[in-house]
Amino acid sequence: MSRILLVAAREFRQIAATRSFWLTLLILPLAFAIGPLASRFMDRSETTRVMLIDRTGGQTAQAIARRLKLDDDRRVLVALSRYVDRHHLEAADPGATWARHDRWYTDEEVARFAATGGVSGALAAIRRIKPAEVPDFVAPEPDYALVPVPPAIAAAPAARLDALLRPLLRPDGKAEPLDYALLVPAEFGRAPLVRLWSNGQPSADFVQPVQQVLGRELQSRYLAASGVAPATARAAAMLTPAIAVQTPTRDSVRQRTLIRSILPLASAYILLMSLILSGSWMLQGSVEERSNKLIEAMLACVSPDELMYGKLVGTVAIGLSMVATWAACGLFAAYATHGAIADMIRPALEPVSSVGAIATILYFFVLGYVMVAMIFLAIGATAESMRDAQGYLTPVLLIIMVPVTVLVQAVLRGSEGVGVQVLTWIPIYTPFAILARLGTGVPTWQVLGAGALLAAFVALEMVALGRVFRASLLASGGRPSLSALSRMMRRPA
Amino acid sequence: MNHSLRLDGVVKRFGDRTAVDGLSFAVPPGEVFGFLGGNGAGKTTSLRMVLDIIRPDAGSIEVLGHAPGREVGRRLGFLPEERGLYRSMTALDTVVYFGRLKGMSAVDARVRARALLDRFGLSANLKTNVDKLSKGMAQKVQLATAVVNAPDLLILDEPFSGLDPVNQGLLEDEITGAARGGAAVVFSTHVMQHAERLCDRLLLLAHGAKLFDGTQDEARAMLPARLELVARTDPAGLDGVESTAAQGDAGDGWTRWRVELSPGRDPGDLLQQCTARGVPLRRFEQHRPGLHDVFISIVGSAEVRS
């Protein structure tokens with residue numbers, strides 16, 4: 001085994017043996033795995049228990065109940081539509097509402113879905129064509145459950161309701177609390193006041209639909225009181241602007257661009273993140289021989305170039321192994337699992353499956369990593385200790401990170417302005433810019449030109465920073481000044 | 001004659017300062033060669049050039065019949081003055097790693113490393129991380145990294161500095177063992193006792209220039225021989241006597257004399273003269289100058305001159 005590989009293998013093993021490496025390695029897959037679970041826990045997972053006390057005769061409570069049921073049905077329909085899309089089950093009933101995706105379902109469509117059998121009707125049709133390996137659809141639990149009004153509360157005067165409802169809203173022991181109690185008083189219509197009891201801060205998700213239903217009721221009564229025929233008044237209150245919701249089709253240019261951009265943008269972010277996470281390992285690797293007084297013993301066995309390339313290969317290999325593990329986890333999540341992450345990754349992978357696209361991403365990713373790793377190695381080689389080196393890590397990372405973050409945001413917004421163009425041609429930002437822009441379509445000449453520029457810069461960096469590395473190995477007397485660094489770069493050691 | 005190491009007119013400058021100035025010497029196999037000089041004399045710079053860590057500005061170096069380089073490094077062992085180890089590696093892995101860097105196969109390096117660490121009393125600590133070892137144990141591991149490849153040329157830069165007495169003994173055994181096995185051993189030091197005990201030949205260096213190169217006896221011969229005589233008359237008139245000084249009455253008309261011979265004169269010649277001329281003597285005691293005296297005399301006067 002060549003001495004470069006021996007140095008690289010030791011470097012690799014040393015970093016791989018640290019706890020920080022494994023934490024860093026697992027951080028992204030864990031975030032992906034925990035993300036959906038966390039969001040499930042963070043979502044409102046408990047059904048909201050609502051008591052409607054209607055003293056106007058019951059029609060208002062019925063209208064609110066219908067509205068809450070409609071919202072629940074819409075959530076089920078959206079979930080079903082996503083399930084059908086994910087498993088390509090549209091053929092079960094191409095004309096069905098749930099077979100049309102990527103759109104906001106109107107009240108009428110939701111009502112039609114419920115009227116045609118709802119989930120059970122849809123699943124009966126789906127079952128006929130569903131392959132065995134496709135998991136069953138699990139409907140989300142309803143958001144709202146109506147709690148019957150106890151006779152004591154139904155008959156109680158309004159003034160006593162506070163006392164009667166308090167034990168229901170804040171029950172002792174393990175009894176399930178009531179989330180909301182809504183009193184629609186008998187005089188509602190003549191006076192607009194309704195009363196809402198809540199066991200916490202009322203949610204807009206609940207208040208807005210209730211307000212909408214009650215508003216329509218008030219408008220209807222107002223019009224009727226103004227002499228408008230009751231049927232006309234009711235119809236007028238139901239008038240809502242007919243907003244034709246035009247959701248982009250799956251093949252629209254913008255969506256296609258967005259999907260194509262996911263992987264390149266993710267590559268740019270992952271490149272940045274892996275450099276941030278592994279920067280201290282690289283510094284540790286290059287400062288180790290000096291800080292542990294090993295440098296002379298090492299240089300008696302290996303040349304400075306072998307030591308430098310060994311360290312570079314070792315640290316780049318460990319960083320790329322980490323990224324490869326993340327990519328493997330992503331692929332596993334995309335093709336071996338079902339869920340939101342799979343839904344996101346799978347379509348993102350499809351448009352960049354060509355050899356050219358993959359080669360371009362790999363080229364800029366690997367060269368970008370090598371370019372920054374070389375900077376870290378040179379910093380480490382000129383530092384006396386890890387503490388000394390750490391002081392330079394953050395500024396260097398910030399110099400890279402801030403423009404890259406701005407760049408990625410600009411690309412996400414679809415802006416390809418002068419800033420993005422300029423950053424493409426500044427070598428330390430080139431890999432990030434090209435990766436981020438790949439999804440939006442970078443002209444071939446720019447990809448080739450930027451690739452050549454990056455290769456030339458890395459070659460120059462190898463020569464210049466290699467000289468700094470070599471000259472710094474046996475130097476003493478603290479960190480070299482900028483002019484000393486410049487001299488080192490210009491003169492072979 | 002084959003030499004393990006030969007330097008010929010080697011010069012190394014750092015800016016305006018000449019660190020090594022026309023240095024020439026040769027070390028044959030099986031010899032322990034002391035490289036003596038004060039701080040800043042050019043010892044470490046010379047050794048670094050031998051190891052190809054830095055390159056000379058002029059002159060030539062031949063290591064085991066080749067130009068310095070990592071290929072010949074497979075047959076070299078080196079223990080630097082500044083010693084350290086990878087803190088998170090085990091003792092065994094450290095020695096194996098250096099063995100592999102010196103071109104040994106993984107199996108050979110492991111076998112040899114185990115044997116060495118066992119010999120150094122570290123068999124119970126093979127799998128212990130270096131940062132968990134005591135300082136003395138770490139010193140043994142460092143020594144093992146230098147000799148793991150059974151080198152033909154062993155170079156030790158101030159090897160005894162910082163060593164505890166046990167490890168000093170261990171190192172002396174390794175040096176003499178390596179020389180007996182046919183290896184040339186070059187070590188730099190400014191502790192004369194070690195050089196006196198171990199060196200077959202030595203080189204004195206000051207300001208990068210060679211002041212002396214030869215055996216210990218030859219070095220001592222550079223200083224005037226000193227004698228302690230008890231005689232009835234002043235031996236100043238004898239041939240080869242540089243100076244005499246009466247040291248006191250020895251009773252019955254006898255006097256104690258301190259006598260210094262001219263450089264290069266043999267005390268035996270003086271004794272012969274006394275016998276031939278009938279100069280009565282009750283005591284004839286020769287004081288052999290130590291390497292320390294030689295060092296102070298030669299290097300010290302060079303320092304004063306500079």
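The chains referred to below are lettered A, B, ... by the order of the sequence lines, with proteins before strands, and numbering in each begins at 1.
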Relative to chain A, which segment of [X] carries a heavy atom at a distance below 4.5 Å: side chain, backbone, both, or neither?
{"X": "B/R83", "answer": "backbone"}
{"X": "B/T94", "answer": "neither"}
{"X": "B/L76", "answer": "neither"}

*Between B/R119 and B/E174, is there a salt bridge with N-O shorter than 4.0 Å?*
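Looking at B/R119 together with B/E174, the answer is yes, because their closest N to O distance falls below 4.0 Å.
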
*In terms of the angle between their ring planes, are A/Y369 and A/F365 parallel, tilted or perpendicular, with boundaries placed at 30° and 60°?*
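It falls in the parallel class, under 30°.
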
*Which of parallel (below 30°), tilted (30 to 60°) and perpendicular (above 60°) describes B/F25 and B/F33?*
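Ring orientation, 0 to 90° scale: parallel.
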
*Is it the case that A/Q14 and A/E288 place a side-chain donor and acceptor less than 3.5 Å from each other?*
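Note: A/Q14 and A/E288 side chains meet the donor-acceptor criterion.
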
*With chain A, which of B/F98, B/Y97, B/Y86 has the greatest number of heavy-atom pairs at distances under 4.5 Å?*
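Maximum pair count with chain A is reached by B/Y86.
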
